[in-house]
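Whatever order the structure lists ligands and atoms in, that order sets their numbers, starting from 1. We count residues from 1, following the sequence as given.
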Amino acid sequence: MTEPRIYMDHNATSPVRPEAARAVARALVRGGNPSSVHAEGRKARALIEEAREQIAALVGGQARNVVFTSGATEALNLALTPGLQAGNDSRPWCLFVSATEHAAVLSGHRFPAESVEKVPVGADGLIDLTALAQALDTHPASRPLLALQLANNESGVIQPVAEAAKLVHARDGLLVCDAVQAAGKIPVDIFMLGADLMAVSGHKIGGPAGSGALVFASEAVHIAAPMVRGGGQERGVRSGTENMPGIAGFAAAATAVKAALNSEAARLAVLRDRLEAGLALLGATVFGASAPRLPNTTFFAAPWIKAGTTLISLDLQGFAVSGGSACFSGKVKQSHVLEAMGVGPDIVEGILRVSLGWTTREDDIEKFLEAARRLHSNTAAGKTLAA
Ligand code: PLP
């Protein structure tokens, strides 16, 4: 009998939760166009509006300020635009991004390259708030828009978003928060964080891929130039008939993760600590270990990891883990996150990311550590032979 596989790549995509799968199926069967006035349309509309409440509850926002998108990449593309409008300040926007942002943010999207400034992080992966304040002050003729993630997809490091928001708001700016990795893993409250716009993604919380949302803190912020134009759905910000099954599954996953948030965070932190204690005995170094981190993520380097072969070997043994962020998997290339944290390119070959989630059991950690011990002793044996 083949052993069941052990999936430890929840930061790439978390397996679809049964609640979400059921909600997708129900929505598919229900059908209807939410913009139609007949009974079928009204039922579809009711589903979308209920889902909006559920997504708002996940991030402490208001349902009327949730805009559904095809995922967080689209939500972030939508938010990062010089066409943002808020209040009477007529200065042009200057976009600041932390150096460890996801690729969906780093490129700055509709901002010309010369209006995008990278803010450094320290060796622990945390944004340098002094450097941020200085950078904000060097462009007094521009209005600051800061894109800062709540938690990093590779390291799990949790950024001081509320402190950064204070610096930005003191200069009449806005903060766009990528909460993709944080949502469902730690408490997220758009108001307590001081975020003006927030992006979340369905497939990171056990909902379907291709679902996500941009959440506005208030109606005071407008996007003057939407990317997808047409029938004016989603208050004109994102046209196109809503992806009802995707939205329903996303909302069901949001409700499930929110209900289990505290107990799951505590459970996963225990498993993560056990994993890291075991890895420490095998000479592993965990990135961002001194910073606040998500309870599910371990991003580490060890001499017995060889990019390409170790991932394949673990895969053949039944473990799904990542060598870096999902978007770069398959390419052996220095992670920009580690580069920003000052990690040299020499260890690019020896890095793994293990990210736990709702499917992870205690036994999975023990089995992974056994596999790591085998890799470690094979490397040690190889060294002895070569010596
Ligand atoms: N932001 C972060 C931190 C992510 O990890 C990801 C996905 O890897 C995204 C944004 C993009 O999300 P989506 O896959 O929904 O477009």
To the nearest 0.5 Å, how far apart are CD in Gln159 and OG1 in Thr100?
5.0 Å

In Å, rounded to the nearest 0.5 Å, how long is the span from CG of Leu175 to CG of Leu145?
8.0 Å

Candidates Ala182, Ala72, Ala12; heavy atom nearest atom 12 (O) of ligand 1 found on Ala72

Please say whether more than 12 non-hydrogen atoms of neighbouring residues, nucleotides or ligands are located less than 6.0 Å from CD in Glu163.
yes

Regarding His102 and Gln181, is there a side-chain donor-to-acceptor distance under 3.5 Å anywhere?
no

Between Gln317 and Ser313, is there a side-chain donor-acceptor contact under 3.5 Å, judged purely by atom types and distance?
yes

Quick one: which ligand 1 atoms are inside 4.0 Å of a heavy atom on Ser201?
13 (P), 15 (O)

For ligand 1, which atoms, with element, lie under 4.0 Å from some heavy atom of His203?
13 (P), 14 (O), 15 (O)

Quick check: Ala151 and ligand 1, any N/O pair under 3.5 Å apart?
no

Proximal ligand 1 atoms for Asp178, defined as those under 4.0 Å from one of its heavy atoms
1 (N), 2 (C), 3 (C), 10 (C)

Within the structure, does Asn11 bring an N/O atom to less than 3.5 angstrom of an N/O atom in ligand 1?
no

Hey, what's the ring geometry for Tyr7 with His10, parallel, tilted or perpendicular (30° and 60° as the breaks)?
perpendicular

Candidate list Asp9, Thr298, Thr297, Asn153, test side chain to side chain donor-acceptor pair (under 3.5 Å), partner Arg353, passing option
Asp9

Short N or O distance, Gln181 and ligand 1, threshold 3.5 Å exclusive:
yes

Does any part of the side chain of Glu74, heavy atoms only, come nearer than 4.5 Å to the side chain of Met227, both counted from C-beta?
yes

Within the 4.0 Å heavy-atom shell around Val180, which atoms of ligand 1 are there?
1 (N), 2 (C), 4 (C), 6 (C), 10 (C)

If you measure from each non-hydrogen atom of Thr73 to ligand 1, which part falls under 4.0 Å: side chain, backbone, both or neither?
both

Backbone, side chain, both or neither: what part of Glu74 comes under 4.0 angstrom of ligand 1, heavy atoms only?
neither

Short N or O distance, His102 and ligand 1, threshold 3.5 Å exclusive:
yes

Per-atom filter on ligand 1: closer than 4.0 angstrom to a heavy atom of Gly71 are 15 (O)

